[in-house]
Amino acid sequence: MTFLPFLISGLGIGAVYALSGVGLVVLFRATGVLNFAFGAFGAIGAHCAWQLLEWKIPLAVAILAAVVVSTAISFLYGRIFAPMLSHRDTVVRAVGTLAPALVLIALMGIIWGELPRRLQFPTDQMFVSLFGVRLTYTRIIAILLAVVMVGAITLLLNRTRLGLDMRALANDRDLSAILGVRILYTETAAWVITGIFSGFAGLLLADLVRLQGTFLTLLVIPAIAAAILGQLRSLWETAVAGLLIGIAEAALTPVSWISPYRAAARFHYRARRGHDLGEYGQGRVEGPMMTSQQTIQALPERVSVARFPKQLLQVPATMALFAAVVTCLANSYWLSAATSAVALSLSVAGLAILYGQLGLVSLCQFALVGVGGWVTLRVGHAFHPPFEISLLAGGIVASVVGLAFGLPALRLRGLYLALVTLMLAGAFQIIISAWGFPDGGNGFLGRADGSGRAMLPRPEIAEGAVGYFLYVCLAATIALLIAQWHKLGRPGRAWALIRKGETVAIASGVNVLTYKAWAFALSGFLAGVSGALLAGNVGQLDGRAFGAFESLNLFALAIVGGVYNWYGALIAGLLLRAVPALLTDLGIDGYVTIGIFGVALFQALATAPSGIAGQIASLIARLRFGSAKERAR
């Protein structure tokens, strides 16, 4: 077996990873924004180039148009929308870039669909022989372009006034403004530069791999991995890291037993204890900026004995009303959608504990849902215990995995923690896709095909659609009560102190490590139960449904629903499943849903940090205040 052809082949992809990683680092150093939409910017440019080539437009014009489109979209976001989040912390600004990514995915899906295509360049048919291996001109161009663009951007940063301003912004934004640096102009220039990088990267990936909107958008993850290896600072370290990731993926291809896992080479993290990325990298732990009234609502105070049961009773009362309405009005289609929505609300409740209570961002929550579903199916098919045993097994294993995923939180926070958990989510997707979900075969790892497949049986008391929906509502009520009890009780007060500052928490006698670990374990348990309930609803699951992008989407909708009120989780679950079901029922393209989510995410981040649930709580508070004033008169 020779690895040389694969190593040489990996140079081309590695060069594109390098190009993408450098584009991310340039923007991050100047603005403090890690652009999750980088791949989407390049993807829509590549689609435009493909369309122009289909219309017989010359290749040079199509390439130029692709770069112009990517750059223009990046410019518009950086000039108009990014400044609206400039006062927010690093993580929120990064999450904000999910909004244009979702909107662009929707636009590409509506116009071009998700059929995989390939851009065909004349250089694909031209090659040189290197050590007996054919190396196409396209891959050579990718390597040379990466070297030239990295060198050019290095000169720009080191030898020009614009580069000096960018480096000043990276060190201290406020001081730079005092010294006369044109903040908006400099940041806009950085967005233009990253748009140019994304345009070229999108074109090359569309040729070397495939042209598909969601796929190209997700290729921002290996670029982020390269940027992490460069500590989000060094351009040349990032470029070398991108090359190594591409080579590592290609080198593992001929090894049959490891080839299915080769893409996991991109999912790693590098963080030294005590390493500080400065103002941008570390992030603040306060979370979203809120008014004083929202802060009072968000941070749990010492709840009196009289109020404690009253607040807990809101959960079963609301869930009972919701269950009654759905049962009376919904058909089988809507019952299934509502069941999935309630199940997924538990995973959002887990996110709310981490982000709403501690200000920690975990981008692997949907992977934990997959862990819970996978274990539930494995145990159910292997041992055929009561459904409740399989459910608890899924929740417990996901809790342990969630705690393991959260170990970096013991020394990391802010953007680095978010990136680490995103890498873990991506690695889980690769591994679980290679292992596969159980399909009803005998034994713990049994497989079956065709008519031999078996569905996971539902609980005996809830075999029908209505019965299982009520069962899920009951399980969700119990789980939400547990989460709410934690928020209102001693753990919630400890989490609130940690969020204010770990020094304050330690001075108050709070064991920071214990309560952080507690939060990750509880969050993982809720996600695992969510996956178990989904497995019971569907009967089997598909590993492809638990990708890293789904964890990003889940976090985005958690923000939209609201993480500071318990019913925000239920709202987010409905957004995840009920809204797409409604649009499908109305015959509206599902990509419209993704676009709506993108717009809603940015609106929530920019104008309503407490989400829909927070706005509802504010409305109820105003109505109560108005009623109290009327009674006083």
Discussion item. Assess the residue pair L605 and L601 against the criterion (side chain to side chain contact (heavy atoms under 4.5 Å, CB included)); give the C-alpha distance rounded to whole Å, side-chain angles, the decisive distance to 0.1 Å, and a yes or no.
Written reply: CA-CA 6 Å; L605 290 173; L601 171 62; 3.9 Å; yes

Fill in: Full working for side chain to side chain donor-acceptor pair (under 3.5 Å) between W518 and H486
CA-CA 10 Å; W518 190 338; H486 277 79; 3.1 Å; yes

Fill in: F602 vs L85, side chain to side chain contact (heavy atoms under 4.5 Å, CB included): CA-CA, chis, key distance, verdict
CA-CA 9 Å; F602 192 86; L85 301 177; 3.8 Å; yes

Item to complete: I would like to know whether I461 and F387 meet side chain to side chain contact (heavy atoms under 4.5 Å, CB included); could you show each step before the answer?
Response: CA-CA 10 Å; I461 60 173; F387 181 80; over 6 Å; no

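A distance of 10.0 Å separates OG1 of T421 from CG of L360, quoted to the nearest 0.5 Å. We find the CD-CE distance between Q540 and M455 to be 4.5 Å, quoted to the nearest 0.5 Å. Residue I571 holds its CD1 atom at 11.0 Å from OG of S345, rounded to the nearest 0.5 Å. If you take OG1 on T318 and CG on L313, they are separated by 10.0 Å, rounding to the nearest 0.5 Å. In this structure, I482 CD1 and T477 OG1 are separated by 11.0 Å, a value rounded to the nearest 0.5 Å. One finds the CG atom of L354 at 11.0 Å from the NZ atom of K516 (value rounded to the nearest 0.5 Å).
At distances below 3.5 Å, at least one donor-acceptor pair connects side-chain atoms of W495 with backbone N or O atoms of Y515. Looking at S399, its side chain never comes within 3.5 Å of a backbone N or O of G395 through a donor-acceptor pair. Judged by distance alone, the side chain of N565 and the main-chain N or O of Y567 form no donor-acceptor pair under 3.5 Å. In this structure, T97 contributes its side chain and F36 its backbone to a donor-acceptor pair below 3.5 Å. Side chain of R499 to main chain of G356: a donor-acceptor pair is present (N/O by atom type, distance under 3.5 Å, no hydrogens or angles). In this structure, N511 contributes its side chain and T514 its backbone to a donor-acceptor pair below 3.5 Å.
Within the structure, side chain to side chain donor-acceptor pair (under 3.5 Å) contacts touching residues 362-372 (residues at least two apart or in different chains) are Q365-S523.
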Using residues 466-473 as the side-chain source, report each donor-acceptor pair under 3.5 Å to any protein atom, sequence neighbours left out, with the distance given to one decimal.
unit_1: Y468; atom_1: OH; unit_2: L533; atom_2: O; d: 2.7
unit_1: Y468; atom_1: OH; unit_2: N537; atom_2: N; d: 3.4
unit_1: Y471; atom_1: OH; unit_2: E388; atom_2: OE2; d: 2.7

Enumerate, atom names and distances included, each donor-acceptor pair closer than 3.5 Å involving a side-chain atom of residues 550-562, sequence neighbours excluded.
unit_1: S551; atom_1: OG; unit_2: F366; atom_2: N; d: 3.1

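Counting heavy atoms from C-beta on, the side chains of I224 and I228 come closer than 4.5 Å. Looking only at side-chain heavy atoms (C-beta outward), V348 and L344 stay at 4.5 Å or farther from each other. Between F546 and V369, some side-chain heavy-atom pair lies under the 4.5 Å cut-off. Within the 4.5 Å cutoff, no side-chain heavy atoms of L351 are placed close to those of V563. Side-chain contact between W374 and L541: absent, with no pair of heavy atoms (C-beta onward) separated by less than 4.5 Å. Looking at heavy atoms from C-beta onward, L232 lies in side-chain contact with L34 at the 4.5 angstrom threshold. Put simply, the side chain of M319 does not reach to within 4.5 Å of the side chain of Q314, judged on heavy atoms. For the pair L526 and I353, the minimum side-chain heavy-atom distance is below 4.5 Å.
Among residues two or more places apart in sequence or in another chain, the side chain to side chain contact (heavy atoms under 4.5 Å, CB included) test is passed with I620 by I616, R624. Here I594 pairs with L102, I105, A106, Y591 under the side chain to side chain contact (heavy atoms under 4.5 Å, CB included) rule; sequence neighbours left out. With sequence neighbours excluded, the residues satisfying side chain to side chain contact (heavy atoms under 4.5 Å, CB included) with L497 are V504, A505, S508, V510.
Contact between S340 and R577 at its shortest, heavy atoms only, is CB-CG, 3.7 Å. The two residues G528 and A398 have their closest heavy-atom pair at CA-CB, 3.4 Å.
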